[in-house]
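Chain naming here is simple, since letters A, B, ... match the order of the sequence lines and numbering starts at 1 in each. Scope of the values below: all heavy atoms of this structure, side chains included, with no hydrogens, waters or symmetry mates.
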Number of protein chains: 2
Amino acid sequence: MKSEHIPKATIARLATYIQVLSEFKREGTDVVSSERLAEACSVNSSQIRKDLAYFGEFGVRGVGYYVQDLITSIKRSLGIDRAWNCALVGVGNLGRALLRHREFSRKGFIIRGAFDCDPYKIGEVVEGMEIVCSRQLPAKVKELGLDIGVITTPPERAQRAANYLIGAGIKGIINFAPARIAVPKHIHLEYVDFFHYFYAAAFHIRFDESRD
Amino acid sequence: MKSEHIPKATIARLATYIQVLSEFKREGTDVVSSERLAEACSVNSSQIRKDLAYFGEFGVRGVGYYVQDLITSIKRSLGIDRAWNCALVGVGNLGRALLRHREFSRKGFIIRGAFDCDPYKIGEVVEGMEIVCSRQLPAKVKELGLDIGVITTPPERAQRAANYLIGAGIKGIINFAPARIAVPKHIHLEYVDFFHYFYAAAFHIRFDESRD
DNA sequence: CGATGTGAATGAATTCACAGCA
DNA sequence: TGCTGTGAATTCATTCACATCG
């Protein structure tokens, strides 16, 4: 199959598959069928087979998938069989929490630079990293080979942070600030807003209640 | 129109609409067309009209939408025209960051209880809130009228946290822990994993690079 | 007139059902 | 035999196009 266009939802599910497969691996399970994996991920089994088919043939007919091999294959498919160097812009509450979050480097996203334009913060050391003025982004992106910019500024400064990152030659931006930003279309942009999940929960809970 | 079933994607977009409309409001814009709103949200204008039509008729033909009225209508549609009381379970790095995050109460999600089963943490005060043993959840859920449970434990303790919350009579769960959990189907469950966004960025960046 | 609200048309994603292979 | 891989069928979401109404 090996298609050109891959649904956005497929990418999201592949991340879940890795999570669940890692769990299987820890439990000592070597082989898993799409049926069993599907159940653990709460999806349809042919959904899994189709998602994987976009990238290649990873299973063995009549047997299933070898857990470790499948993890490796999915990681390669997603492009996380390597490290990605990240710049974090905006060292407030959320920024600090991300800097402290051990999971980032464990998953291959290494935060190599922390930037802020607040003179009171510049020079401060967080998690062994010195906070640097955002104006130094162009130099640092080149020096450290930074790939992805992570915006954790207040909303009103998100666009400026994006501009710095884009000017510095970053390839992708993950925006945690609650603001829409404009970027040229060769820059990949992702919005992260976990309030979406709270809204969805609130909506469904109230909806369920109103049906009684 | 006022339909029964509402697409998941619609809920997610409504959250974006609120964000952008609030921005318009701050700028002093009173009336907005679906065309203009669509541009700011990077979606199609009929998408917006259809999303809104699921909940009612909020616009004025030939004019557009009154910004403040539309914010109010969407909030009511989503069920966030009221406060939601939340219990946070697992006071680690991420849990603390959420407790400190001012935006929660501002958006109507009030964290009223912080729970952990680590005896070293119990009794500690974070952001004016005393950390309480998770075993006290049933009492506290009733006492404080808690609606939504927020799980920020390590993955291996997520299911136990969920069990406590479910037993205590919570209505919905938002799981930040990188683990799948099982809940009865009357409990609304949302998974939050911001690594999904990093994976998606990595995938697309590498994909774009390989096309040159 | 001008922008909404909405059926109808299109497009995308998911699921079914089974051929094909270890 | 049993489970993968995949075209076909179905379901779901988005966009179009225009009737409708302030």
Rounded to the nearest Å, what distance is computed from the [atom1] atom of residue [X] to the [atom2] atom of nucleotide [N]?
X       : N      : atom1 : atom2 : value
B:Asp51 : D:dT14 : CG    : P     : 7 Å
B:Glu39 : C:dA3  : CD    : P     : 14 Å
A:Arg61 : C:dA22 : CZ    : P     : 7 Å
B:Arg49 : C:dG2  : CZ    : P     : 16 Å
B:Glu35 : C:dG5  : CD    : C1'   : 15 Å
A:Gln47 : D:dG5  : CD    : P     : 15 Å
B:Tyr66 : D:dG22 : OH    : C1'   : 10 Å
A:Lys50 : D:dA8  : NZ    : C1'   : 9 Å

Item to check | Centroid separation A:Phe176 to A:Tyr191 less than 6.0 Å | outcome: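 No, ring centres 6.0 Å or more apart.
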Please confirm whether the ring centroid of A:Phe104 lies under 6.0 Å from the ring centroid of A:Phe109.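 Between A:Phe104 and A:Phe109, the centre distance exceeds or equals 6.0 Å.
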Return the nearest nucleotide to the side chain of [X]; candidates are [options].
X       : options               : result
B:Ala53 : D:dT14, C:dT6, C:dA3  : C:dT6
A:Ser33 : C:dT14, C:dG7, D:dT4  : D:dT4
A:Glu57 : D:dT14, D:dG5, C:dA13 : D:dG5
B:Tyr65 : C:dG5, D:dG7, C:dA3   : C:dG5

Can you tell if the side chain of B:Trp84 reaches within under 4.5 Å of the side chain of A:Arg206, non-hydrogen atoms only?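 Yes - at least one pair of side-chain heavy atoms lies under 4.5 Å apart.
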_Apply ring pair (Phe, Tyr, Trp, His ring centres under 6.0 Å) to residues B:Phe58 and B:Tyr66 and explain how you reach the verdict._
CA-CA 8 Å; B:Phe58 304 133; B:Tyr66 291 102; over 10 Å; no
